[in-house]
Amino acid sequence: MIRDAEVLDEGFVPNDLQHRDAELTHLESTLRPFADGAPGQSIIITGPTGAGKTVTSKYVTGQLTDAVPNIQTVHLNCWRSHTQFRAFYSILDELGLATDIHRGSTPHDELISRLEAYDGDPVVVILDEADQLDSTDIFYDLHSLPKFAQLIVANERDQLFGRLNSRLQSRLQSSEHVPMSRYTPEELVSILEVRVRWGFEEETVSPDVIERIADAAAGDARVALGMLRRAANYAIREGHDEITFDVLEAAMPDAREQIRQRNVDALNDHQRTVFDIIRAYGPLSPQDIYEHYEAKMSDPNQLRTVKSYLSKLTEYRLIEAEGSTRDRTYRAVQSQ
DNA sequence: GTTCCACAGGAAAATATGGAGG
DNA sequence: CCTCCATATTTTCCTGTGGAAC
């Protein structure tokens, strides 16, 4: 059933990265001068888990290396190398400068001065899961070294900045910030489709299974791919030769309801009111929805805003639209 | 057909929000 | 406390579309 398990692996970087065009362009244009010899800068990439931060970082450095061969990339998983020593050591190690360094017998300063003395090709350092670092000094050191550019990958910018001392804050304040948001279910569907096409034999994963996984993953590509992997393993173990709805159901019970609840919890008062109205009064036109909403709220927003809510609710599959233009109505997606 | 109208959704301006620094 | 700044949300203005009424 599985043709190429690699494409389902965490850390797999596809040839064609989907849905991150704007972020890629931003990163490329920021790193381009560095590749051409300008001093390195710091770039901060933030976003929730599974939003594609790591894969985008790897992709952009891959592209850069293709275009400018004499540039190096070091990918550092800060969760694994969370102490300052290990982080510096890993970087030196990747650069082949750590052969005679031994833990315990080599002082910190020696590591730093080696980095300072480094005069080879420019290096892009990806500090993945940077919020895991015990010490933020590494940001400071890399920021001040012209031969190094750093991609600081973290969950939240504010949380990251909260840990920095003020001097470092003001230095990094001006660096480029690339925020990423979670994928929409549609985006996840197309990501999964490509992986399925490469990873599985034909006709082993049906479209509605993909849709269901995308739905349940709540914008987290890592979770989505994990579910697909889990369902595949389950199918193999149980002797099925394709992943059907039932197989998926058995491999991940009640995932959908949890995610649904999480989505509902994330709504603000206005959005929830709109959702409640649709749930209570069944299929309604936008105009009718707005009239209910206007009557119910003491500080109603404009129709255009409510229409944005409708898009958002649809995006997260809490409601569905039927009809294209004048005949369009919305109704709640029943939660089975 | 043709016209009309409610719709979707983009772009940009306006406004609210939240944190940093004075 | 206020001001500045970045970001997020909302409003305003708008274009294009297709079903409905004529």
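Keep in mind that this is a model prediction, so the values were computed, not measured. Letters A, B, ... mirror the listed sequences (proteins, then strands); counts begin at 1. All heavy atoms count here, side chains included; hydrogens, waters and symmetry mates do not.
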> Where does the chain A footprint on DNA chain C start and end, counting 5' to 3' with a 4.0 Å heavy-atom cut-off?
Replying inline: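 Under 4.0 Å from chain A, the extent on DNA chain C is C/dT7 to C/dG19.
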
> How does protein contact run along nucleotides 7-15 of chain B, one letter per nucleotide 5' to 3', with B for base contact, S for sugar-phosphate only, - for none, heavy atoms under 4.0 Å?
Replying inline: SBBB-----

>> For A/R328, is there an ion pair with A/E322 - N to carboxylate O distance below 4.0 angstrom?
In response: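 No, no charged N to carboxylate O under 4.0 Å.
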
> Are A/R20 and A/Y183 in a cation-pi setup, meaning NZ or CZ lies under 6.0 angstrom from the ring centre and within 45 degrees of the ring axis?
Replying inline: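 Flagged: A/R20 positioned over aromatic ring of A/Y183.
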
> Any cation-pi pair here, A/R182 with A/Y316, using under 6.0 Å and within 45°?
Replying inline: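 Ring-cation test returns yes.
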
>> For the CE atom of A/M227 and the CG atom of A/L188, what is their distance to the nearest 0.5 Å?
In response: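 Between atom CE of A/M227 and atom CG of A/L188 there are 10.0 Å.
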
> Do A/T184 and A/E315 have side-chain N/O donor and acceptor atoms under 3.5 Å apart?
Replying inline: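 Per modelled atom types, A/T184 and A/E315 side chains form no pair under 3.5 Å.
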
> Are side-chain N/O atoms of A/R86 and A/S90 paired as donor and acceptor at under 3.5 Å?
Replying inline: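 Their side chains do not contain a donor-acceptor pair, so the 3.5 Å distance test is not met.
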
>> Contact between A/F275 and A/Y309 at the side-chain level, heavy atoms closer than 4.5 Å - yes or no?
In response: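 A/F275 vs A/Y309: side chains apart.
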
> Does A/E201 use its side chain to pair, donor to acceptor, with the backbone of A/R3 at less than 3.5 Å?
Replying inline: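 The answer is no, because no donor-acceptor pair under 3.5 Å joins these two groups.
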
>> For a quick check of understanding: with a heavy-atom distance under 4.0 Å over all strands, which category does A/Y290 fall into, base, sugar-phosphate or nothing?
In response: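 A/Y290: no heavy atom of the nucleic acid under 4.0 Å.
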
